[in-house]
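Read through the structure below, which is laid out as structure tokens, and then see the notes.
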Protein chains: 2
Amino acid sequence: MSEDVHGTEVTLGRIETEVALLMRLGEATRRGTGTMEHRLLDRAAYVILRHLDAAGPQNVSALAARLSLDGSTVTRQVSALQRDGLISRTPDPADGRGTVISATAAGLQRMAAVRAARTRLYGDILAAWPEADRETLADMLHRLNEALDARTRRR
Amino acid sequence: MSEDVHGTEVTLGRIETEVALLMRLGEATRRGTGTMEHRLLDRAAYVILRHLDAAGPQNVSALAARLSLDGSTVTRQVSALQRDGLISRTPDPADGRGTVISATAAGLQRMAAVRAARTRLYGDILAAWPEADRETLADMLHRLNEALDARTRRR
DNA sequence: CCCAGATAGCTGTATCGTACAGGTAATTTT
DNA sequence: AAAATTACCTGTACGATACAGCTATCTGGG
């Protein structure tokens with residue numbers, strides 16, 4: 001029994017280590033990839049466009065809540081995206097305070113290009129992996145994210 | 001055959017999505033956990049101390065190369081850590097240009113506390129997971145990091 | 001052995017992503 | 001209809017990072 005507890009702690013420690021490492025490597029990769037796909041769209045812009053693509057037009061508050069970001073952060077990101085013609089703001093017909101953010105065709109296209117580039121990058125990184133392992137990785141990441149998200153929202 | 005290619009792309013797309021999501025959630029979690037464990041040690045400080053713990057005292061350039069960071073960034077991080085008594089600088093006896101960075105006892109202890117808190121957090125987040133799944137997750141993350149790191153260094 | 005070039009580290013400056021505090025306008029509650 | 005809440009925006013600040021440029025030191029070819 002004490003062995004089980006010990007094994008559990010070791011595994012959790014490994015997970016903590018690997019997630020921390022992934023965050024660092026992911027940042028470095030994103031930064032290093034720059035001047036190509038990344039210059040097209042910075043990180044926040046990308047996640048906002050992805051979310052708009054996945055969940056449809058919505059107002060700033062909804063985006064902020066969904067992305068666990070401050071409203072002011074989203075406001076600024078959205079302003080930059082609008083300046084670049086990647087999203088459009090329209091007044092919310094149902095609520096005079098709100099503005100609905102929609103991805104433009106250009107925005108979706110730009111996002112898709114970045115996404116494709118990143119997908120290619122993963123194809124490169126995981127070139128030696130058998131498909132079954134890639135699927136296991138995708139599954140595990142998905143479950144981890146679900147668990148993390150549930151926890152974030154519970155608080 | 002065309003089906004295999006299609007399946008592969010789908011999986012890579014999923015991995016791309018989940019890694020992007022994990023980066024975002026990880027950031028949000030780190031931020032949200034704040035005022036407790038995190039206030040003790042900001043992100044960069046943590047990875048530097050972890051690396052010093054794992055790999056021993058070394059100079060700024062070695063740290064920067066290993067962490068894929070600019071030397072100036074590490075210099076500043078190290079200065080902050082020194083101000084807080086968490087690392088110490090000593091002249092490199094073998095190279096008059098260099099300074100060797102060592103974690104202090106206080107630094108290691110602080111790092112261990114943060115690490116324990118994070119490990120606890122993962123225990124909380126993954127409370128419902130069987131040990132076997134946790135191990136699979138840890139393995140997959142480890143392999144992903146190896147692949148990412150290899151790619152980063154190859155470039 | 002000496003100087004030219006490389007390297008280690010630091011400092012100045014700039015950028016990005018983010019938060020918090022405070023403001024205004026619109027909406028909802030009582 | 002007054003009070004409280006909400007949605008968004010703006011001012012300001014901070015943390016993490018990069019790049020350019022500086023000084024001190026090291027090293028290898030003449």
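Below, chain A is the first sequence line, B the second, and so on; all start at residue 1.
In this structure, CE of A:Met23 is placed 11 Å from P of D:dT17, rounded to the nearest angstrom. Taking atom CG on B:Leu69 and atom P on C:dG9, their separation rounds to 14 Å, with Å as the unit. Summarising the geometry, the separation between CD on B:Gln77 and C1' on D:dA18 is reported as 13 Å, rounded to the nearest angstrom. Per the geometry, CD1 belonging to B:Ile48 stands 8 Å off P belonging to D:dT17, to the nearest Å. Taking atom CG of B:Asp92 as the reference point, atom C1' of D:dC26 lies 12 Å away to the nearest angstrom. Rounding to whole angstrom units, CG of residue B:Asn59 and P of D:dC26 are separated by 13 Å. Regarding A:Asp70, its CG atom lies at a distance of 13 Å from the C1' atom of D:dG11, rounded to whole Å. One interatomic measurement links the two molecules: CG of A:Leu81 to P of D:dC8, which rounds to 15 Å at whole-angstrom precision.
Side-chain heavy atoms closer than 4.5 Å link hydrophobic residues (I, L, V, M, F, W, Y) into clusters, and following such links, possibly through other members, connects B:Met23 to B:Leu144.
B:Thr104 places a side-chain N or O within donor-acceptor distance of the main-chain N or O of B:Leu86, the cut-off being under 3.5 Å.
In this structure, A:Thr73 reaches the C:dA19 phosphate: one of its side-chain N or O atoms is under 4.0 Å from OP1 or OP2.
Heavy-atom minimum distance, B:Leu12 versus A:Gly123: CD1-CA, 3.6 Å.
Contacts of B:Arg24 with the nucleic acid, taken as non-hydrogen atoms under 4.0 Å apart, are absent. B:Glu27 comes within 4.0 angstrom of no nucleic acid atom, judged by non-hydrogen atoms across all strands. Contacts of A:Asp95 with the nucleic acid, taken as non-hydrogen atoms under 4.0 Å apart, involve only primed sugar atoms and P, OP1 or OP2. Contacts of B:Gly98 with the nucleic acid, taken as non-hydrogen atoms under 4.0 Å apart, involve only primed sugar atoms and P, OP1 or OP2.
Set against C:dC10, C:dT27, D:dC19, the side chain of A:Arg97 has C:dT27 as its closest nucleotide. Out of D:dT17, D:dC8, D:dA20, the shortest distance to the side chain of B:Ser72 is found at D:dA20. The side chain of B:Thr99 sits closest to C:dG9 out of C:dG9, D:dT25, D:dA7. Set against C:dC20, D:dC19, C:dC10, the side chain of B:Arg76 has D:dC19 as its closest nucleotide.
When side chains are defined from C-beta on, A:Arg14 counts as touching B:Asp139, because their heavy atoms get closer than 4.5 Å.
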Audit row: B:Arg143, A:Asp133, salt bridge (charged side-chain N to carboxylate O under 4.0 Å, His left out) steps and yes/no: CA-CA 10 Å; B:Arg143 290 178 52 196; A:Asp133 287 2; 2.9 Å; yes
